[in-house]
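The shown structure was predicted, so the numbers you read here are calculated from the model rather than taken from an experiment.
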Amino acid sequence: MAKKKAVKTNALRLLDRDHVSYRVEEYDYDEDHLSGEHIIDQVSLNGEDIYKTLVLQSDDDRSYLVCCIPVLENIDLKKLAKLSGHKKVEMIHMKDLLNVTGYIRGGCSPVGMKKQYPTYFDESILRDREIALSAGKRGYQMIVNANDIVKYTNAKVGPVLK
């Protein structure tokens, strides 16, 4: 029986290069099951420790920004706009995600995008523990220390949940 080859995404290569510790957990997915609930059932962490990566654009200067929140929560766009210093922000269209980030829906990571955009995490990240984020490919979660990933992404932390 052939040994399964370990995946190395751009996000994981960058973490390796910069000596940021992580581990990878795989999960099954298909186009109909890209939800947070589906990932929670297959990854060893609790739902509040699994984060999704959202990509947004400001209405005032059309700049892009990234926000990571717990996978079962909803973002408050007004709170993120305030935290980021914009008048208004909105989610980008799904059709633009690959072109803007280099990632597809269900595999978007705050690490290794085509360009480093200003990054924000909800304040729930402030507990010192492991969290899961997409490793940059569907079916793979990178498990990292919360404080390490905030520092690595040079993220600003604040209240952004509804």
Checklist entry - Do you reckon Ile104 sits in the same ILVMFWY cluster as Val55, going by side-chain contacts under 4.5 Å, direct or chained? => result no

Checklist entry - Less than 4.5 Å apart, any side-chain heavy atom of Val160 and any of Cys67? => result yes

Checklist entry - Mind checking whether Met91 and Met94 sit in one hydrophobic cluster, side chains of I, L, V, M, F, W, Y counted as touching below 4.5 Å? => result no

Next on the checklist: Is there a continuous path of hydrophobic side-chain contacts, each under 4.5 Å between heavy atoms, that joins Leu14 to Val24?
Outcome noted: yes

Item to check | Common cluster, Tyr117/Leu97, ILVMFWY with side-chain heavy-atom separation under 4.5 Å | outcome: yes

Checklist entry - Do Ile143 and Ile131 touch side chain to side chain, with heavy atoms closer than 4.5 Å? => result no

Next on the checklist: For Leu98, is there any backbone N or O sitting under 3.5 Å from a side-chain donor or acceptor partner on Arg105?
Outcome noted: no

Checklist entry - Take atom NZ in Lys137; do more than 12 heavy atoms of anything else shown fall under 6.0 Å from it? => result no

Checklist entry - Do the charged groups of Arg23 and Glu25 touch, with an N to O distance under 4.0 Å? => result yes

Checklist entry - Can you find a pair of side-chain heavy atoms, one from Val7 and one from Thr9, that are under 4.5 Å apart? => result yes

Checklist entry - Within the distance-only criterion (no hydrogens, no angle test), does the side chain of Thr153 pair as donor or acceptor with the backbone N or O of Lys151 below 3.5 angstrom? => result no

Next on the checklist: Tell me whether Lys114 contacts the main-chain N or O of Asn99 through its side chain, where contact means a donor paired with an acceptor under 3.5 Å.
Outcome noted: yes

Next on the checklist: If you compare all heavy atoms of Ser109 against all heavy atoms of Ala11, which two are closest, and at what distance to 0.1 Å?
Outcome noted: OG-CB, 3.9 Å

Item to check | Contact summary for Asn147 and Leu126, nearest pair of heavy atoms | outcome: OD1-O, 4.4 Å

Checklist entry - How about Lys79: does its NZ atom have over 12 heavy atoms from other parts shown lying under 6.0 Å from it? => result yes

Next on the checklist: Within this structure, what is the CG-OG1 distance for the pair Leu133 and Thr53, rounded to the nearest 0.5 Å?
Outcome noted: 5.5 Å

Checklist entry - Is a side-chain N or O of Gln57 found less than 3.5 angstrom from the main chain of Ser63, in a donor-acceptor match? => result no

Checklist outcome for this item: Separation between CD1 (Ile69) and CD (Glu123), nearest 0.5 Å, reads 12.5 Å

Item to check | Lys/Arg N to Asp/Glu carboxylate O, Asp59 vs Lys87, below 4.0 Å | outcome: no

Checklist entry - Cluster question for you: counting only ILVMFWY and a side-chain heavy-atom cut-off of under 4.5 Å, with indirect links fine, are Val20 and Val157 together? => result yes

Checklist entry - Are any side-chain N or O atoms of Lys78 and backbone N or O atoms of Val89, one a donor and one an acceptor, separated by less than 3.5 Å? => result no

Checklist entry - Quick one: does Val66's side chain get under 4.5 Å of Leu54's, heavy atoms only? => result no

Item to check | Between CD1 on residue Ile50 and CG on residue Leu45, distance to nearest 0.5 Å | outcome: 5.5 Å

Checklist entry - Is it the case that Asp16 and Tyr22 place a side-chain donor and acceptor less than 3.5 Å from each other? => result yes

Checklist entry - Does a donor on one side chain sit under 3.5 Å from an acceptor on the other, for Tyr51 and Ser134? => result no

Checklist entry - Taking side chain as C-beta onward, heavy atoms only, is Met113 less than 4.5 Å from Cys108? => result yes

Next on the checklist: If you define the side chain from C-beta out and look only at heavy atoms, does anything of Leu12 sit under 4.5 Å from Tyr140?
Outcome noted: no

Checklist outcome for this item: Tightest non-hydrogen contact, residues Met142 and Ile149, listed as CE-CD1, 4.4 Å

Checklist entry - Is the closest side-chain heavy-atom distance between Asp49 and Arg127 below 4.5 Å? => result yes

Next on the checklist: Looking at Gly112, is its backbone amide N or carbonyl O close enough to the side chain of Asn10 to form a donor-acceptor pair, meaning the two atoms are under 3.5 Å apart?
Outcome noted: yes

Next on the checklist: With heavy-atom distances below 4.5 Å as the criterion, would you say the side chains of His93 and Asp96 are in contact?
Outcome noted: yes

